[in-house]
Amino acid sequence: MGLIYAEIELVNADDVAFAKRSIIGEEEIKYMRVNMLVDTGAYNLCINETIQEQLSLPFIEKRKAQLANGHIEEYDIVGPVIVKFKNRRTVCNAMVLQGDNEPLLGSIPLEDMDVLIHPLREELIVNPEHPYSAQMKLK
């Protein structure tokens, strides 16, 4: 199976909350579409500095993460960010990768949106067992 990419919409969740309170207008909500690598080996949503700046996602904390090569690095955590794929959405924080590194859609947002990788078609799909809305596991 090759690399799987999906078109994901990212939205600044704080902007959505401000618009609901009429602090900003709907047209001021920052969002963007990003072609992201679907990476089940990564836990979190990982964006790069360019995406973080364009969405104006606020800094939350610094957190250490272990890379595939075993090195441990410290990254900024920003958010909250709304992640949308087809008829699914979730809200999460994002780890910020340096520069223009490739953004990653990790297993936690994938699981929360109830989406799957179709190995033959090599694409991200909505779970066919729950086509109209995400279904969560509670145990």
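The chain is numbered in sequence order, starting from 1.
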Does the side chain of K62 reach to within under 4.5 Å of the side chain of D76, using non-hydrogen atoms? yes

I'd like to check I47 versus V78 (side-chain heavy atoms, cut-off strictly below 4.5 Å). Are they in contact? yes

Inter-residue atom distance R88.CZ - K84.NZ, 0.5 Å rounding: 14.5 Å

Apply salt bridge (Lys or Arg N to Asp or Glu O under 4.0 Å) to R21 and list each qualifying residue two or more places apart in sequence or on a separate chain. none

Worked verdict on C92 versus V83 for side-chain contact (heavy atoms from CB on, under 4.5 Å): CA-CA 8 Å; C92 60; V83 180; 3.8 Å; yes

Do P58 and D14 have side-chain heavy atoms sitting under 4.5 Å apart? yes

Judged by atom type as modelled, is there a donor-acceptor pair below 3.5 Å linking the side chain of R89 to the main-chain atoms of I82? no

Between CD1 on residue I8 and CG on residue N35, distance to nearest 0.5 Å: 8.5 Å

Shortest non-hydrogen contact between I51 and L10, atoms and distance: CG2-CD1, 3.9 Å

Has the side chain of N101 got a donor or acceptor atom that lies under 3.5 Å from a matching backbone atom of N48? no

Would you please test M36 and L45 for side-chain contact (heavy atoms from CB on, under 4.5 Å) and show each step? CA-CA 10 Å; M36 300 188 84; L45 175 70; 3.4 Å; yes

Identify the heavy atoms of Y5 and V38 that sit nearest to each other, and give their distance. C-CG2, 4.3 Å

If you look at every heavy atom in V115 and L124, which pair is closest and at what distance? CG2-CD1, 3.8 Å

For Y31 and E9, the nearest pair of non-hydrogen atoms, with its separation, is CD1-OE2, 3.6 Å

Distance, nearest 0.5 Å, that separates OG1 of T90 from CG of D112: 3.0 Å

Side-chain contact test, heavy atoms from C-beta onward, threshold under 4.5 Å: evaluate it for V96 versus I77 and give yes or no. no

If only atom types and distance count, is the side chain of N44 paired as donor or acceptor with the main-chain N or O of C46 below 3.5 Å? no

Quick check against the 3.5 Å criterion: does E122 have a side-chain atom that pairs as donor or acceptor with the backbone of I4? no

Non-hydrogen side-chain atoms of Q135 and N127 separated by less than 4.5 Å: no

Student check: side-chain heavy atoms of N93 and P80 closer than 4.5 Å: yes

Can you name the nearest heavy-atom pair linking E26 to A19, along with the distance? OE2-CB, 4.1 Å

Checking N12 side chain against K30 main chain: does a donor-acceptor pair fall under 3.5 Å? no

Closest approach of G79 and L57, non-hydrogen atoms and distance? N-CB, 4.2 Å

Closer than 4.0 angstrom, basic N to acidic O: yes or no for K64 and E74? no

Answer whether the closest heavy-atom distance between the side chains of D15 and S56 falls below 4.5 Å. no

